[in-house]
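Next up is a structure, given as structure tokens.
Excluded from the calculations below are hydrogen atoms, water molecules and symmetry mates; all remaining heavy atoms, backbone and side chain alike, are included. What you see is a predicted model, and the numbers here were worked out from it, not measured in a lab. In what follows, every chain begins at residue 1, and chains take the letters A, B, ... in the order their sequences are listed.
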Amino acid sequence: AQSVSQHNHHVILSEAASLELGCNYSYGGTVNLFWYVQYPGQHLQLLLKYFSGDPLVKGIKGFEAEFIKSKFSFNLRKPSVQWSDTAEYFCAVTGFGNEKLTFGTGTRLTIIP
Amino acid sequence: GAVVSQHPSWVICKSGTSVKIECRSLDFQATTMFWYRQFPKQSLMLMATSNEGSKATYEQGVEKDKFLINHASLTLSTLTVTSAHPEDSSFYICSAQRSGIYTEAFFGQGTRLTVV
């Protein structure tokens with residue numbers, strides 16, 4: 001069975017700080033990887049996704065993530081965070097050809113102005 | 001991105017009653033819809049996979065007779081919580097996907113269910 005681990009449960013940063021949120025997955029085959037964001041009171045939105053090709057993917061709002069197959073990781077990064085990035089971030093994975101998403105436990109990000 | 005609308009956003013019901021939650025894909029046809037449950041400060045737990053015109057596939061530990069899912073059309077899936085109890089209080093979220101292997105999921109805004 002596939003699983004996703006997000007090691008950071010709550011991250012607090014000041015504005016303009018750099019961000020890296022960890023995500024590791026467990027799956028025995030080809031994977032599709034996603035980062036979703038949930039702003040307070042809003043629905044989940046896709047930040048970025050990896051299906052194949054360049055392992056460094058860029059998403060919306062200046063976020064990027066790097067797929068490192070050897071480490072089973074898909075960490076999310078942003079060079080300079082803003083107060084508006086305060087939200088809950090979820091890493092998710094599906095197996096190739098399998099539509100079911102498996103989510104990590106989420107990381108709450110709080111940005112201090 | 002595509003829009004998925006979930007209704008109602010919140011509902012309060014008495015123990016023993018049933019509650020229906022709707023999930024609609026507004027601008028695309030969703031071959032598959034998923035229903036999740038999210039506990040406070042926890043991740044989304046998949047409850048069931050709903051395919052248009054066929055029976056839903058439930059995850060292990062999810063009571064199919066309690067959580068009735070109907071996917072009557074390519075744009076609508078419903079989740080009915082039957083004989084609700086306080087322990088069913090939770091945040092329920094649906095998502096919808098187009099067919100294909102390189103598709104992403106689009107999420108509804110969720111429904112906060114409180115059973116009193």
Out of curiosity, Gln109(B) CD to Gln38(A) CD, how far, rounded to the nearest 0.5 Å? 11.5 Å

Hydrophobic clusters here meaning ILVMFWY residues chained together by side-chain heavy-atom distances under 4.5 Å, can you tell me if Ile12(A) and Tyr39(A) are in one?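 No, Ile12(A) does not connect to Tyr39(A) through the hydrophobic network.
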
More than 12 heavy atoms of other groups within 6.0 Å of His7(B) NE2: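 No, NE2 of His7(B) has 12 or fewer neighbouring heavy atoms, counting only those of other groups under 6.0 Å.
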
Does any part of the side chain of Leu46(A), heavy atoms only, come nearer than 4.5 Å to the side chain of Phe106(B), both counted from C-beta? no

How about Lys20(B): does its NZ atom have over 12 heavy atoms from other parts shown lying under 6.0 Å from it?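 Atom NZ in Lys20(B) is not crowded, with 12 or fewer foreign heavy atoms closer than 6.0 Å.
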
Heavy-atom donor-acceptor pair, Tyr36(A) side chain to Phe107(B) backbone, under 3.5 Å: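 Here the side-chain-to-backbone pair does not exist.
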
Considering only heavy atoms, which portion of Gln6(B) lies under 4.5 Å from any heavy atom of chain A: side chain, backbone, both, or neither?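 Answer is neither: Gln6(B) stays 4.5 Å or more from chain A.
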
Can you tell me which portion of Phe91(B) sits under 4.5 Å from chain A's heavy atoms? Options are side chain, backbone, both or neither. side chain

Do Tyr89(A) and Leu48(A) sit in one hydrophobic cluster, given that two such residues count as connected whenever their side-chain heavy atoms are within less than 4.5 Å of each other, even indirectly?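 Tyr89(A) and Leu48(A): one cluster.
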
Please round to the nearest 0.5 Å and tell me the distance separating atom CG of Leu44(A) and atom CD1 of Ile93(B).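 Those atoms lie 5.5 Å apart.
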
On a heavy-atom basis, which atom in Phe103(A) and which in Ser43(B) lie closest, and how many Å separate them? CB-OG, 3.1 Å

Do Leu109(A) and Val37(A) land in one hydrophobic cluster if side-chain heavy atoms of ILVMFWY residues count as linked below 4.5 Å? yes

Scored by heavy-atom pairs under 4.5 Å with chain B, the best of His9(A), Lys100(A), Gln45(A), Gln42(A) is Lys100(A)

OG1 of Thr105(A) to CE of Met45(B): how many Å apart, nearest 0.5 Å? 11.0 Å

Toward chain A, the part of Leu44(B) with a non-hydrogen atom under 4.5 Å: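 Both backbone and side chain.
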
Do Val11(B) and Val81(B) share a hydrophobic cluster (ILVMFWY, side-chain heavy atoms under 4.5 Å, transitive)? yes

Which value, rounded to the nearest 0.5 Å, describes the distance between Ser95(B) atom OG and His43(A) atom NE2?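 Interatomic distance, Ser95(B) OG to His43(A) NE2, rounded to 0.5 Å: 11.5 Å.
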
Count I, L, V, M, F, W, Y as connected when their side-chain heavy atoms are under 4.5 Å apart, and connections chain through other members. Are Met47(B) and Leu101(A) then in the same cluster?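 Different clusters.
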
